[in-house]
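Below: the structure, in structure tokens.
Numbering of ligands and ligand atoms starts at 1, following listing order.
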Amino acid sequence: AKECGKNTFQFYAGDMNAHALERLSLESALRRGLAQNELELWYQPKVDLASGELCGAEALIRWRHPQRGLVPPDEFIPIAEDSSLIIAIGEWVLHTACRQLRRWRDADLRAGRIAVNVSGRQFKYGGIVETVRQTLQTHGLPSECLELEVTESVAMDEGEAMTGVLRQLQQLGVYLSIDDFGTGYSSLSYLKRLPVHGLKIDRSFIMDLHKDSDDVAITRAIISIAHSLGLDLVAEGVERPEQRDFLVAHGCQSGQGYFYSRPMPAEAFEQLLRHRRLA
Ligand code: C2E
Ligand code: CA
Ligand code: CA
Ligand code: CA
């Protein structure tokens with residue numbers, strides 16, 4: 001609705017292009033999907049690159065839409081992020097990951113640390129610190145077993161307010177990592193002051209590591225930054241043995257990617273937990 005004059009409102013449906021309408025209907029479908037349990041968390045193993053041993057997982061959201069089938073997050077998370085819906089979804093993700101981890105721990109399955117992705121809006125308006133504290137408490141989990149991944153652009157953008165929230169989370173004892181590292185515009189002095197534990201090297205640098213000398217240089221630089229700042233490292237998108245070999249040789253401890261495993265439903269990840277070694 002658009003305001004025109006004092007007490008008159010006119011609806012400019014004609015102004016809306018098809019794209020905007022599509023987003024609007026997707027948003028309401030998503031809202032309904034959340035309420036009707038159509039969202040799922042899948043898990044992708046994180047692996048110690050040198051030994052091939054499983055050390056945790058990243059939880060990745062999927063939407064099992066009754067007509068569209070399995071919808072990947074890139075098709076609906078950006079829409080959720082444009083509204084407060086991302087806060088409700090983010091709470092669902094935290095709750096679901098923690099409840100799952102509780103079950104695995106009760107079954108004596110060592111899942112390691114479970115990472116969830118957190119959007120900027122959750123940090124800004126979502127009361128993230130209190131939500132995380134309560135969720136851990138509800139499921140009786142120690143804070144070290146939960147990792148929060150926040151993208152580089154979010155971590156760097158929000159300035160002092162962001163640092164404060166990250167510091168509170170750090171005090172709570174959850175593990176914090178910067179996602180998609182290398183794609184934003186980090187100032188190194190700022191990075192040094194951010195209370196985070198680890199960096200995830202973005203997949204775009206790992207992808208052509210075996211054949212692109214620029215990517216080799218960037219990846220080596222990121223590894224050396226992490227080492228000098230005392231940060232842990234995870235490489236995303238490891239698909240080939242050459243990439244793993246390079247990363248191991250240059251001192252990157254952990255990775256995830258199709259070389260080890262694609263993201264999988266909770267039941268499949270549970271089967272994996274019974275074997276543990278991936279490659
Ligand atoms: P991300 O956090 O960077 O997650 C990694 C993405 O790379 C995942 O895509 C994963 O399936 C994919 N991937 C992992 N290994 C490989 C590989 O070896 N090769 C290739 N080509 N791809 C690989 P996915 O699951 O489609 O998620 C896409 C993005 O959606 C995520 O990127 C994240 O930004 C967002 N997302 C996923 N789940 C959540 C969530 O629960 N909350 C929020 N806020 N965002 C989420
Ligand atoms: Ca991530
Ligand atoms: Ca990432
Ligand atoms: Ca990425």
Completion exercise
For Leu109 and Glu270 the tightest heavy-atom approach is CD1-CG, 3.6 Å
Handout entry: Heteroatom N/O/S of Glu58 within less than 3.0 Å of the Ca ion (ligand 2)
Key = yes
Practice task
Ignoring angles and geometry beyond distance, decide whether Gln256 reaches within less than 3.5 Å of ligand 1 through its nitrogen or oxygen atoms.
Solution key: no
Fill in the blank from the handout: Correct closest heavy-atom pair for Leu141 and Cys145 would be CB-SG, 3.9 Å
Practice task
Check the side chains of Glu40 and Trp42 for a donor-acceptor pair under 3.5 angstrom, ignoring hydrogens and angles.
Solution key: yes
Practice task
Have a look at Gln44, Arg240, Glu239, Glu58 and point out the one with the heavy atom closest to atom 15 (N) of ligand 1.
Solution key: Gln44
Practice task
Tell me, please, if Asn117 has any N/O/S atom, main chain or side chain, under 3.0 Å from the Ca ion (ligand 2)?
Solution key: yes
Exercise for the section: Mark yes when over 12 heavy atoms from residues, nucleotides or ligands other than Arg32 sit less than 6.0 Å from its CZ; otherwise mark no. Expected result: yes
Handout entry: Option set Ser204, Pro73, Ala235, criterion heavy-atom distance to atom 24 (P) of ligand 1, minimum
Key = Pro73
Handout entry: Charged N-O contact under 4.0 Å between Glu58 and Lys46
Key = no
Practice task
Just jot down the side-chain hydrogen bond (donor to acceptor under 3.5 Å, both in side chains) partners of Thr135, sequence neighbours excluded, or say none.
Solution key: none
Problem - Selection from Trp92, Phe76, Tyr258 by shortest heavy-atom distance to atom 16 (C) of ligand 1 - result: Tyr258
Handout entry: N/O/S atom name from Asp179 that is nearest to the position of the Ca ion (ligand 2)
Key = OD2
Handout entry: Heteroatom N/O/S of Asp202 within less than 3.0 Å of the Ca ion (ligand 3)
Key = no
Exercise for the section: Would you name the N/O/S atom of Glu149 that lies closest to the Ca ion (ligand 2)? Expected result: OE1
